[in-house]
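All remarks here apply to the structure that follows.
Lettering of chains follows the sequences in order, A, B, ..., and the numbering in each one begins at 1. Here the structure is a predicted model, which is why all the values come from computation and not from measurement.
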Amino acid sequence: MPLPFEKSIDELEARIRDMRSFAEEQEVDLSGEITALEQRLATLTRDTFANLSRWQRVQVARAAGRPTALDYLARAVDDFTELHGDRTMGDDPALVGGLARVGDTGVVVLAQQKGRDTKENIHRNFGMAHPSGYRKAMRLFDVADKFNLPVVTLIDTPGAYPGIAAEEQGQAWVIAASIQRMSRLRVPAVSIVIGEGGSGGALAIGVANRVFILEHAIYSVISPESCAAIRWRDAAEAPSAAEALKLTAYDLLEQGVVDEVIEEPIGGAHKDPAAAIETVRVTIERAFAELRSHTPDDLIRERRERFRRMGRFLDAA
Amino acid sequence: MPLPFEKSIDELEARIRDMRSFAEEQEVDLSGEITALEQRLATLTRDTFANLSRWQRVQVARAAGRPTALDYLARAVDDFTELHGDRTMGDDPALVGGLARVGDTGVVVLAQQKGRDTKENIHRNFGMAHPSGYRKAMRLFDVADKFNLPVVTLIDTPGAYPGIAAEEQGQAWVIAASIQRMSRLRVPAVSIVIGEGGSGGALAIGVANRVFILEHAIYSVISPESCAAIRWRDAAEAPSAAEALKLTAYDLLEQGVVDEVIEEPIGGAHKDPAAAIETVRVTIERAFAELRSHTPDDLIRERRERFRRMGRFLDAA
Amino acid sequence: MALERWFRRKRPTRGDDDASPAGLWLKCSGCHAQIYRKDLVANLYVCPECSHHERMPVDARVEMLADEGSFERWSGSVEPVDALGFVDTEPYRERLTSVQQRAHRPDAIVTGGATLHGIPVALAVMDFSFLGGSMGSVVGEEIARAAERAADEGRALVSVSASGGARMQEGALSLMQMAKTTVALEALSERRLPFISVLSDPTTGGVTASFATLGDLVIAEPGALICFAGPRVIQQTIKQDLPEGFQRSEFLLRKGMLDDVIPRPELKARIAAFTRLLLAGIGTQGVLPAPLPAPAMAPDEATDDPDGAMGSDSDEEAAVRAPAV
Amino acid sequence: MALERWFRRKRPTRGDDDASPAGLWLKCSGCHAQIYRKDLVANLYVCPECSHHERMPVDARVEMLADEGSFERWSGSVEPVDALGFVDTEPYRERLTSVQQRAHRPDAIVTGGATLHGIPVALAVMDFSFLGGSMGSVVGEEIARAAERAADEGRALVSVSASGGARMQEGALSLMQMAKTTVALEALSERRLPFISVLSDPTTGGVTASFATLGDLVIAEPGALICFAGPRVIQQTIKQDLPEGFQRSEFLLRKGMLDDVIPRPELKARIAAFTRLLLAGIGTQGVLPAPLPAPAMAPDEATDDPDGAMGSDSDEEAAVRAPAV
Ligand SMILES: [Zn+2]
Ligand SMILES: [Zn+2]
C-alpha cells in the first residue's frame with residue numbers, strides 16, 4: 001500500500017514498531033534507541049515530502065487511505081445530512097450533496113466522492129460525475145440562494161465522466177451551466193481541492209469566493225497521463241507531463257488559481273486523517289467568518305472579478 | 001369525416017353544391033333556390049351549433065380538420081421560428097416552442113400540437129407531452145423573462161402522457177414546476193385553449209394573465225371517457241360524464257376558469273380555419289395591447305391573484 | 001354553518017375500538033402477518049414484522065409530528081359545495097354528506113399550527129379515507145390558507161400528502177387548485193420559510209403535480225405509491241407490465257425525484273433537523289419568532305380508525321388506479 | 001509588441017492561391033468528390049455534391065456573417081505567453097511562433113464589431129487551424145473583452161466556435177478560461193443583450209463546457225462534432241463502438257441540446273431573425289443604438305487557406321480525439 005517513495009519511511013516505521021514490541025515483551029528499556037529512530041523518521045518524512053516531484057504529488061493526491069469527501073463531511077462540518085437527486089433523471093453517487101452546519105450557520109455542501117475501496121469506487125464511478133451530478137449541484141445552489149446558506153464544495157475527481165450517456169445527457173452543457181450558476185450565487189462560497197482537481201469536472205463546482213487546496217492535492221486542465229498520450233504520444237511520459245503542467249498546490253498558488261494552500265500533516269493527509277480534517281474545519285470556519293459580512297452583490301462581484309482576472313498574456317494595447 | 005350531428009348540414013351543403021354545378025352546366029338560373037337553401041343552411045348550422053350537447057362539443061373540440069397549434073403559429077402571429085430542446089434529454093414534438101412577433105413585439109410561444117394526420121399524430125404523440133416538453137417550456141419561459149418577451153401559449157392536449165418513461169422522468173414534478181415557473185413570469189402571458197384542455201398537462205402552460213377559450217373548445221380536470229370509467233364504471237357513459245363535468249367554454253366562463261370565450265365561425269373553426277385564426281390573432285393583439293403597460297410586479301401579482309381566487313366553497317368563519 | 005358541527009360528537013376512544021372483536025387483529029398488507037391492533041398503532045402503523053408502512057389516520061399523523069399539546073387546528077371553517085350539481089351513480093352532495101358524517105370533518109384535510117421539536121410549523125395533513133384524499137376547492141383553500149398563515153406567522157410549512165388527485169366532481173375548479181396551491185406557496189418563498197413536503201402512500205395525480213412536489217425538500221415514506229398517472233392508466237395505455245417497484249418511493253429516489261426516503265419513526269426528527277438547517281442561513285438567525293406558547297385548543301382528535309386507513313372504498317381505489325389530474 | 005506585426009505582410013490573394021496546381025482541386029471529406037476549389041469557396045465551403053460542411057477559414061466566416069465593409073477588428077492586441085515554460089517534444093514557445101507566422105495572428109481567435117443585416121453585433125470567430133483552436137489565456141481574454149465591449153456598445157454577441165478544448169500547454173490557467181469567459185458573459189446578460197452561439201465542426205472540451213453552450217440560443221452547423229470528451233477518449237474508456245452519428249449536431253438536436261441545426265447558407269439570415277426578435281421585447285425597442293457607421297479599418301483578411309481549414313495537423317487531430325477540458 002505505501003507509495004514507492006514512501007518505502008523507506010514505511011520500513012523505518014516497521015522497525016520502530018518491532019523495537020517497541022520487543023522492548024515490551026522482553027521488558028528492556030530501548031527508549032533511547034526508539035527516540036532516535038523516531039527523530040530519524042520525522043526527518044526522513046519531512047525531507048521526503050518536502051522534495052516530492054510533481055508526479056509523486058500526483059500519487060499522493062490519489063493515494064488510497066487519503067481522506068475522501070465523506071470523511072471531511074462527517075467531521076469538518078457538523079450535522080451533515082445528504083440530499084439526493086437532480087429532479088430530472090437520477091441521483092449521482094459521484095457527487096454528493098446536502099445540508100450541514102458550520103458554527104451556527106446552515107450550509108449547503110457539494111463534494112466529489114471517490115471510493116474508499118473497490119466496491120465503493122465502482123459505486124462512486126471513481127468520483128467521476130455524470131450530468132446528473134452537476135444538475136443536483138445546481139439544484140442545491142438554488143436551495144443555498146433561497147435560504148441564504150453559504151456553500152462549501154470539496155473537489156476530488158479525475159474529471160467529469162467521459163461516456164456515452166454522459167455525452168448524450170449534455171456533460172458539456174451542465175458543466176458550463178454549473179460554472180455559471182455558481183458564479184451567480186448570492187451567498188459566500190468556499191471550495192477546497194482535497195485530492196484531485198480534474199479539469200472541467202472539478203471547476204464546475206469550484207467557482208467560489210475562496211479556493212483552497214490541500215498541500216498535496218493537484219488541480220489540472222488534463223490528467224498527466226492523457227497529456228502525455230497526446231503531447232508525447234506516450235502515456236508513460238506522465239511524470240514529464242506532470243512536471244510540465246505545473247499542477248501542484250504551490251504551482252497553483254503561484255499562478256493565482258488558488259488563494260491559499262492548506263498544510264497537511266507531515267507525511268500527507270493519509271498519515272493523519274483526523275489532523276487533516278481538523279485543519280480543513282478551521283479553514284472553512286475562518287473563510288466564512290470573513291465572508292459572512294459581505295453583501296450578496298459584493299460576493300457576486302468579487303467572485304466574478306476573481307475569475308475574470310485569470311490568465312497570463314502580453315497586452316500590446 | 002363530418003361529426004354525427006353535422007350530417008344534415010353536410011347533406012345540405014352537398015345539395016347546394018350539386019345545384020350550383022347543375023345550374024352552371026345546364027346554364028339555368030337557380031339563384032333563387034340556391035339562396036333559399038343557403039339561408040336554410042345558415043339557420044341549420046347556427047341552430048345545430050347553438051344547441052350542441054356538451055358531449056357534442058367535446059367532439060367538435062377534437063374534430064379532424066380543426067386548426068392545430070401550428071396553423072395558428074403560422075398565421076395568428078408573425079415570423080414564428082421554432083426553437084428546440086429541453087437542454088436535458090430531448091426535444092418533445094408534442095409541445096412546440098419558439099419565438100415570434102406580435103405587432104412590433106417579440107414573443108415566446110409554446111403550443112401543444114396534435115397531428116393533422118395519422119403520421120403526424122404519431123410523431124406528435126397525439127399532443128400528449130412528456131416531461132421533456134414541459135422542460136422545454138420552462139427553458140423558454142426563462143428566455144421570455146430575460147428578454148422581456150411576452151408569452152403566448154396555445155393549449156390543445158388530451159393531457160400529459162401517461163407512460164413509463166414519462167413517470168420515470170418526473171411528469172408530476174415538471175407539471176408542478178411549470179405551473180410555478182409560469183406564475184413567476186415577469187412578462188405578460190396569454191393562454192388560449194384552442195381545442196382540448198386536458199387536465200394538468202394543459203394547466204402546466206395555462207397559468208397566464210388572460211386565459212381565453214375558443215367557443216367549441218373544452219377544458220377539463222379529466223377526460224369524459226376516464227371520468228365515466230371511474231365514476232360510472234362504464235366508459236360508454238362519457239356523454240353523461242361530459243354533461244356532469246361542465247367542461248364547455250361557456251361553463252368555464254361561468255366558473256371563472258377562463259376570462260373570455262372567443263367566438264368561432266358558424267359551424268366551428270374547422271369550417272373556416274382562416275377566420276378562426278384571424279379572430280385569435282386579434283385576441284392576442286388586444287390582450288397584449290392591454291397588458292403591455294403593466295409592470296412586471298403587477299403582472300405577477302395579478303396572475304397570482306387570478307389563480308388564488310379559484311374555487312367555490314362555503315366559508316363559515 | 002358552525003364549526004362545532006364537525007366536532008360536537010364524542011367519538012369512540014381507541015379503547016372502545018380495541019374492545020370490538022373485529023378491530024383486535026389486523027392483516028398487514030405487506031407480509032400478510034396478523035398484527036395485534038394495539039401493536040400496530042403503537043408502532044405508528046408500521047408493521048412490526050416487515051416494516052411495511054400502512055396508511056396512517058390523520059390524527060395519529062398529527063400526534064406523531066406535533067409536540068405534545070402544541071397542535072392548534074386551523075382548518076374546518078371552509079366547507080365544500082356542489083358547484084356543478086355533479087351526479088354520477090349518486091349525487092356528489094349525498095356522497096359528501098355521508099363521508100363527512102363518517103369522517104367528522106368537512107373535507108379531506110386537516111391543517112393547523114404546531115411546534116415540531118420546538119420549531120414553529122404549519123401542518124397540513126391529507127386524509128386519504130375522505131373521498132380518496134381528492135383535492136377540490138376546500139382542500140386547495142385549506143392548503144393555500146395554511147401556507148399564507150405560516151408565512152404571516154413565520155412558520156415553516158410541513159405537508160403530508162395522501163391523495164388520489166384532483167376531485168373530479170368539482171370539475172375544472174378542482175384542476176385550478178393545482179395552480180392555487182402553487183401560487184399560495186409564493187408567500188412562504190418570499191419570506192424564505194421552508195416548505196417540507198412529505199409524500200405518503202398514495203400521492204397521485206393533481207396533488208403530486210402541484211404543491212406536493214414543490215417542497216424545498218420532498219421526502220417520501222418507504223414503499224409509497226407516488227405518481228402522476230396511476231399504474232392502471234399506464235397499463236391500459238401501454239398494454240404491457242410495469243417494472244418492479246415502479247412509481248414507489250425507492251424507485252423515485254433512484255430516479256432523482258426525492259431528497260430522501262425516510263422511515264416513519266425517523267420522520268419527525270429528520271424534518272426538524274432539515275428545517276433547523278434551512279432556517280439557519282446568514283442573516284436569518286434570530287429573525288424568526290420563538291416557539292409559540294402551547295395553544296389553548298386541544299388537538300383535533302377525529303377518527304383514529306386503522307380499518308379506514310388500511311381498508312379501501314371505491315372512491316379511493318378508483319383514485320389510485322386513475323388519479324384525476 | 002505592435003499590432004502591425006500581425007498584419008504588415010501583404011498576403012497572397014485568393015487569385016494567387018488558385019494559380020498553384022496543388023490548390024486547384026480539393027477532395028470533399030464527406031463524399032470524396034473532387035471539387036474545384038473556387039466552387040467550394042464560392043459555396044461557403046459547403047460541398048456542392050453532398051452538402052458536407054467543410055471547416056471554414058476565419059476570414060471567410062467573417063466575410064459571410066458581417067455586412068459588407070462593416071467589420072472592425074478588435075482582437076490582436078493580446079498575445080500569448082509561455083507562463084509555465086511548457087516543453088513536450090518541442091517547446092510551446094517555438095510551436096506558438098511557428099503557428100503565429102503561418103496564421104498571421106497572435107492566437108486562435110478573431111473578434112470585432114460588425115453589423116449583421118444591419119444589427120450591430122460583436123463577432124468572435126475561433127480559428128481551428130491555430131493549435132486546434134485551443135483556448136488559452138488569450139482566446140479567453142479576447143472572448144471576455146468582446147462580450148464586455150458588446151455590452152458597453154449595446155451589441156449582441158455572435159460567436160462561432162471551433163476548438164479542441166482548453167490549451168493544455170497553459171496548464172490550469174487555460175482551465176480557468178472556462179470560468180473567465182462565463183463570467184464575462186454576465187455583462188451582456190445584465191443588459192439583456194442576446195448571445196447567439198454557433199457551434200461549428202469541431203467544438204469540444206473546455207469550449208463546449210463553457211461559453212459556447214451558454215448562448216441564449218445555441219445553434220450548430222450540420223454534421224459538426226460537438227462534445228465534452230472526444231470520441232477516442234470515450235472509446236478507450238468504454239471499450240465499445242460508438243453509436244452512429246454520436247456527438248454530431250443532428251444527434252444533439254434530438255437529445256435536446258441545441259435550439260436548431262442550421263445550414264451555413266442560411267446562418268446569417270437566421271441569426272439576424274433570432275437577434276431581432278430577442279431584441280424586440282417590451283420596453284427594449286428603441287433603446288439600442290442604431291447600426292454603427294462603417295468602420296474606418298478594413299476587415300482582417302488573414303489566411304484564407306482551405307487546405308489549412310480542411311486539412312489537419314497533429315495538434316488539431318489530437319485535440320479532437322482527446323480534447324483538454
Ligand atoms: Zn408486515
Ligand atoms: Zn461532398
Side-chain angles (χ1 to χ4, degrees), chain A residues 77-93 95-109 130-140 142-151 169 185-189 288-296 298-299, chain C residues 117 119 151 154 156-157 185-197 199 208-209 212-220 222 226 228 249-262 266-267 269-288:
Chain A
V77 295
D78 298 312
D79 300 345
F80 169 64
T81 176
E82 188 171 356
L83 299 177
H84 296 274
D86 66 356
R87 295 286 191 279
T88 305
M89 56 175 67
D91 180 46
D92 190 342
L95 212 168
V96 171
L99 301 175
R101 189 166 53 77
V102 171
D104 61 355
T105 303
V107 299
V108 162
V109 294
H130 277 76
S132 175
Y134 298 106
R135 291 208 168 90
K136 174 165 61 181
M138 290 189 272
R139 171 174 98 75
L140 293 177
D142 289 345
V143 172
D145 264 344
K146 178 168 180 183
F147 293 104
N148 268 332
L149 306 172
V151 169
Q169 296 161 1
L185 277 174
R186 299 181 59 75
V187 291
F288 283 148
E290 187 218 324
L291 290 168
R292 67 176 294 128
S293 59
H294 297 216
T295 67
D298 282 347
L299 289 164
Chain C
H117 285 311
I119 302 166
L157 173 64
L185 293 174
E186 299 294 84
L188 280 168
S189 282
E190 283 164 0
R191 287 214 49 196
R192 296 175 192 257
L193 289 163
F195 167 32
I196 314 285
S197 175
L199 312 181
T208 321
T213 47
L214 293 172
D216 295 301
L217 300 182
V218 180
I219 55 193
I226 299 162
F228 175 67
S249 308
E250 296 72 16
F251 174 90
L252 291 164
L253 182 66
R254 282 198 306 279
K255 292 294 172 187
M257 298 300 153
L258 301 172
D259 285 286
D260 212 349
V261 175
I262 300 179
E266 301 169 28
L267 210 47
R270 293 290 301 279
I271 293 173
F274 284 136
T275 309
R276 252 185 235 291
L277 288 172
L278 291 175
L279 287 172
I282 293 178
T284 55
Q285 291 101 326
V287 170
L288 295 168

| remark: Closest non-hydrogen contact found for Leu193(C) with Phe147(A) is C-CE2, 3.8 Å

| note | Okay, Arg135(A) and chain C: the region with an atom under 4.5 Å from a heavy atom over there is neither

| query | Measuring heavy-atom distances to chain A, does Val218(C) have an atom under 4.5 Å in its side chain, in its backbone, in both, or in neither? | reply | both

| note | Here the gap from Met257(C) atom CE to Met89(A) atom CE, rounded to the nearest 0.5 Å, amounts to 8.5 Å

| query | What's the spacing between Leu99(A) CG and Phe274(C) CZ if we round to 0.5 Å? | reply | 7.0 Å

| request: Taking all heavy atoms of Asp145(A) and all of Arg192(C), pick out the closest pair and write down the distance. | output: O-NH1, 3.0 Å

| task | Enter the distance from Leu258(C):CG to His84(A):NE2 here, rounded to the nearest 0.5 Å. | result | 10.0 Å

| task | Go through the steps for Arg276(C) and Asp79(A) under the test side chain to side chain contact (heavy atoms under 4.5 Å, CB included), then give the verdict. | result | CA-CA 11 Å; Arg276(C) 252 185 235 291; Asp79(A) 300 345; over 6 Å; no

| query | Given that the side chain runs from C-beta out, which part of Ser189(C) has a heavy atom under 4.5 Å from chain A: side chain, backbone, both or neither? | reply | both

| When only pairs under 4.5 Å are counted, which of Val143(A), Asp92(A), Thr88(A) shares the most heavy-atom pairs with chain C? | Thr88(A)

| field | Among Pro296(A), Ser293(A), Pro150(A), the one residue meeting side-chain contact (heavy atoms from CB on, under 4.5 Å) with Ile282(C) | value | Pro150(A)

| said: Which heavy atom of Leu149(A) sits nearest to which heavy atom of Leu277(C), and what is that distance? | reply: CD2-O, 3.4 Å

| Can you list the steps and then say if Thr213(C) with Arg87(A) is a side chain to side chain contact (heavy atoms under 4.5 Å, CB included)? | CA-CA 10 Å; Thr213(C) 47; Arg87(A) 295 286 191 279; over 6 Å; no

| request: Carefully, step by step, assess Asp91(A) and Leu253(C) under the rule side chain to side chain contact (heavy atoms under 4.5 Å, CB included). | output: CA-CA 7 Å; Asp91(A) 180 46; Leu253(C) 182 66; 5.7 Å; no

| said: Is Ala100(A) in contact with chain C via its backbone, its side chain, both, or neither, using a 4.5 Å heavy-atom distance? | reply: backbone

| task | Find the distance between NZ (Lys146(A)) and CD (Glu190(C)) and round it off to the nearest 0.5 Å. | result | 10.0 Å

